[in-house]
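Nothing fancy with the numbering, it's 1 onward along the sequence. What you are looking at is a predicted structure, and each value in this text was computed from that prediction instead of being measured.
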Amino acid sequence: MIMGSALPLSLEVSQVLTLLEDLSFSRKDQPRILISLVLKGLRRNQTTKLGHLLKQRCNYFHSNRMISRLLSIYSLRININHVWLQIIDIKPLEVILKFGVNLHGRIHITEVLEEDCSEHPFSKLKIGQKVHARIVAQAEHSAKTGRNLKWELSIKPSLLKDLEESTASEAELNHSINDIIRAYVVKVDAEWVWLTVSRKVMAHLFILDSSVEPSELKEFQQRYSVGQAVKGRIIGVNREKRLLRLKAFDNQCMLENIDDTQKTVSSIAEHTKEGDVIGGRIQRILPGVGGLVIQIGPHLHGRVHYTEIVDLWVPEPLSGIHEGQFVKCKVLAVSRQAEGSVRVDLSLRSRKLDDSTTCAPRFEKINDLCPGTEVKGYVKNVNPKGCFIMLSRMVEARIILSNLSDEYVENPQKDFSVGMLVQGRVLSAEPLSGKVEVSLRKSTGSKSQKLDDVSYSDLHVGDIVDGQVKRVESYGLFVTIKSSELVGLCHVSELSDEPVLDINACYKAGDMVKAKILKIDEDRHRVSLGLKESYFDSDLTDDENGNENDGGRVPMDISRAPQMSGGFNSTLVLPGPEPRASVPPLQVALDEYEGSDQEGDQKAHEIANGSEPNVKKSDRRLKEKARKQREIEISALEERALQKDIPQTPDEFEKLVRTSPNSSFVWIKYMAFLLDLADVEKARSVAERALRTINIREEEEKLNVWVAYFNLENEYGSPREDAVKKIFQRALQYCDPKKVHLALLGMYERTKQNELADELFDRMTKRFKTSCKIWLRRIQFSLTQGKDVEYIKSVVNRALLSLPQNKRIKFLTQTAILEFKCGVAEEGRSRFELILREYPKRTDIWSVYLDQEIRLGDTEIIRALFDRVTCLSLPPRKMKFLFKKYLRYEKAQGDEERIKHVKQKAMEFVEICRA
């Protein structure tokens, strides 16, 4: 028996047919003989004849599928098989061909030309054309249809020439990073282009890796079509999925541009290196002068400093910028942070992209600055003592209050808003400490160079001088004497004949005052001043003198009452320079109602009544106020210490929090720094660390961190409302529930979440229904939201039912004050009249009523009210307070006739008392 393995491949057709008819051989030999004939390229009619013959001998074969099944059973060396085929269809990514007995194959788009060819692979092929191809993979059996799939063929010249090769391995993923390859588009979606590199290797191209031009990025989907050739550089390899990530090939992708010093960081930053010009998309516009967050990769973002947005110094650099906008940017720096994240600094300045030297200068190093250098910058932070400006992304400068302008600046926050463009000159630059001082004054002469018109020798004790308030401190005023540079101190005890509860409410920087010199110390260059009215005014002199003044303790003018909008702990808003960018969500402001102007009025007039329990209560409040003032001073010291050496890295912040573990100020600054790096999870972890680290006795410090945590989740939580509620529930377990509720309420009010604030008010008025402060906050909120009068009345009635008796008068009085201030004066006036009908001798309520009318400025109503109150039968010391108040008003608003009228009424009252 002749074995199939012994048959020579060079047999002629007639010889093979003779052997099949005359010889007997086993079934396993028949396929080998048949395959040898196929490999010699038998014509169709000969192969068909041979199939019929085998069908008679072997009934289990089917002639129309016989060749295909035989080749699938045996693993032949198909890589050396060359066949002639005819093209029957041309698709965007493949060519369909037929050959043999009802056999079909395909040529993948990557199996036509060599990689170095630039023409389209199918440009020279047409339907009906016969081609000489090589089988590179056998047809696989389809489990769904039960049929064999198409044979994989190749017409690459390099494969057709190599006739001697005996084996060919499946396509292997032998690509590596930075290789330049050609691929063909398979699919295009919103942000990715999917490409084929070979039959079994795919690639994808991200939208921002496709170009650096914004106009091309906008038309991303229109620029690519199925079958289009794309040349790119490999920047990522996933061997498990046999997937490559490409970056569109251009001059920025040249391998020679990647130097050894940048390979480590660049691999982390997805092959982005310093000096690259890349495409980006604006992800977020940070508030204030925080700059921009730019997406430059699927999972990579960079930061654009506020000074790197436009070429020129313009007042509004963010004009025309919107989120989602495509931009062309240049990589300024790529660095790795301590926690492993990568920070990429970018620039959008078009002239810098072209390396133009005519670009508006940005001083990147302090060494480039010298005294007298003209500079421009944007205001980063403003506080009562000056401001900080950004000269570039690397250099910031300080401008103290006296250098802000040639003229006096009363309110720096009002005149110099955050983001304002200013121009000045450098006064000093210290490279070692990193401090730069700038002045915006146009005059070059310093104060020390000016000649004083008045010297210490020209002053005498008892002189009356005019001056201007230079600075307000808790212990007194610093007053600059007119026509000189001499500054005197007026102690808080010398400000008024009456006790001054809040010096900041009475005086502010820039006020003009008249003072009396009490003491001069030329050796120490000190001048003591007094502002008491008794030093200047002797118009109202009667029998009741100093001793009665001491006992009566007449309150201050209610019009000078504190104007604090935030109230309790409002100083924890933490102004001052922030190391990276302004982060409003982390500003801490516990909107308590303590310390408000209404409560300050109440305090003053309780003292006016002269009762001993009220005096003791006032003393306790004064001590509490002094304690809070000390806390404010401590916070200010921490802020000044932080300003001296602003941390720039997480490591520096870690060192700082180890030094001051109980300081909420430092922890919150650390959180703001991390948010500036767009690392929200790290900021959350720092907040958790702070809550675990701060001593349990430091309740206020912990509360500050909780509030900062509220603001963080309110800004970045997902979903925001649920995230805030979770933190709120946790905070209730560790802090005073009332303060936590007020803190959350303050956040809702600042962020205009009125519906949530209203829901919180409902819960607060049920849980703290005996708190006057909570009810007043609800009324204030309702008035600011424009609720109607009936709604306000219903809230007042509910409050009167819930509040204890001793709090009702205070509640009604302050409700009336709120109505006056919120534009519902008629309701406030009616409420005061109802109170005074029941308590006509309460001079404190009369005084508050008068103050509210004086603020409105209706002269007829004010004078009618003064005439009513001065006709009452009250103790002399209370009447004296009312007459002095009346006289002060007429001196400010009336004429000589009105002043005489008041004095006459006062003299009549004195004569009645003597009688």
Side-chain angles (χ1 to χ4, degrees), residues 379 381-388 398-416 427 437-441 446-448 450 452-454 456 459 465-496 499-521 524-532 535 556 560-564 570-571 573-577 595 625-626 628-641 643-644:
V379 175
N381 186 284
V382 188
N383 57 46
K385 297 184 179 180
C387 68
F388 286 83
R398 184 182 68 168
I399 307 175
I400 61 175
L401 182 64
S402 60
N403 287 328
L404 286 176
S405 175
D406 291 318
E407 301 177 355
Y408 178 76
V409 178
E410 179 179 351
N411 188 350
Q413 287 93 336
K414 181 180 179 181
D415 297 337
F416 294 86
L427 297 179
E437 293 283 346
V438 170
S439 173
L440 304 184
R441 296 166 63 99
S446 63
K447 292 183 179 180
S448 59
K450 297 180 181 178
D452 294 341
D453 297 330
V454 179
Y456 287 103
L459 301 178
V465 296
D466 292 327
Q468 186 179 43
V469 177
K470 180 180 180 181
R471 192 167 78 250
V472 181
E473 299 290 350
S474 59
Y475 48 83
L477 303 178
F478 286 94
V479 180
T480 302
I481 299 174
K482 190 176 181 180
S483 300
S484 75
E485 293 293 336
L486 303 181
V487 179
L489 172 64
C490 178
H491 192 266
V492 65
S493 61
E494 297 293 338
L495 289 177
S496 175
V500 177
L501 299 180
D502 190 345
I503 187 173
N504 291 289
C506 300
Y507 300 95
K508 60 181 181 296
D511 286 351
M512 299 301 298
V513 295
K514 180 187 289 186
K516 182 176 182 179
I517 299 178
L518 304 180
K519 184 179 178 181
I520 301 175
D521 188 344
R524 302 173 66 186
H525 299 286
R526 292 183 179 179
V527 179
S528 298
L529 304 175
L531 302 183
K532 289 183 178 181
Y535 292 149
M556 57 180 283
R560 293 178 175 175
Q563 302 282 338
M564 297 171 63
S570 63
T571 54
V573 173
L574 297 177
K625 196 171 187 68
K628 293 177 181 177
Q629 184 65 30
R630 286 197 301 272
E631 293 178 356
I632 294 171
E633 292 173 357
I634 292 171
S635 297
L637 288 173
E638 292 175 345
E639 181 181 350
R640 288 195 290 271
Q643 290 177 8
K644 293 180 181 178

Rounded to the nearest 0.5 Å, how far does [atom2] of [Y] lie from [atom1] of [X]?
{"X": "Leu401", "Y": "Lys385", "atom1": "CG", "atom2": "NZ", "result": "10.5 Å"}
{"X": "Glu494", "Y": "Leu477", "atom1": "CD", "atom2": "CG", "result": "11.5 Å"}
{"X": "Leu459", "Y": "Ile520", "atom1": "CG", "atom2": "CD1", "result": "5.0 Å"}
{"X": "Ile517", "Y": "Cys490", "atom1": "CD1", "atom2": "SG", "result": "12.0 Å"}
{"X": "Tyr535", "Y": "Leu518", "atom1": "OH", "atom2": "CG", "result": "5.0 Å"}
{"X": "Glu437", "Y": "Arg398", "atom1": "CD", "atom2": "CZ", "result": "4.0 Å"}

Hey, are the side chains of [X] and [Y] touching, using non-hydrogen atoms and a 4.5 Å cut-off?
{"X": "Val479", "Y": "Val513", "value": "yes"}
{"X": "Pro384", "Y": "Gln413", "value": "yes"}
{"X": "Pro412", "Y": "Leu404", "value": "yes"}
{"X": "Leu440", "Y": "Ile399", "value": "yes"}

Is the side chain of Arg441 donor-acceptor paired with the backbone N or O of Ser402 at a distance under 3.5 Å, no angle test?
yes
Asn403 (side chain) donor-acceptor with Ile400 (main chain) under 3.5 angstrom
no
Show, in sequence, the C-alpha distance, side-chain angles and deciding distance for Val472 and Ile503, and conclude whether the side-chain contact (heavy atoms from CB on, under 4.5 Å) test is met.
CA-CA 8 Å; Val472 181; Ile503 187 173; 4.1 Å; yes
Verify side-chain contact (heavy atoms from CB on, under 4.5 Å) between Tyr507 and Leu531, making sure each step is shown before the conclusion.
CA-CA 12 Å; Tyr507 300 95; Leu531 302 183; 4.2 Å; yes
Identify the heavy atoms of Cys387 and Val379 that sit nearest to each other, and give their distance.
CB-CG1, 4.3 Å
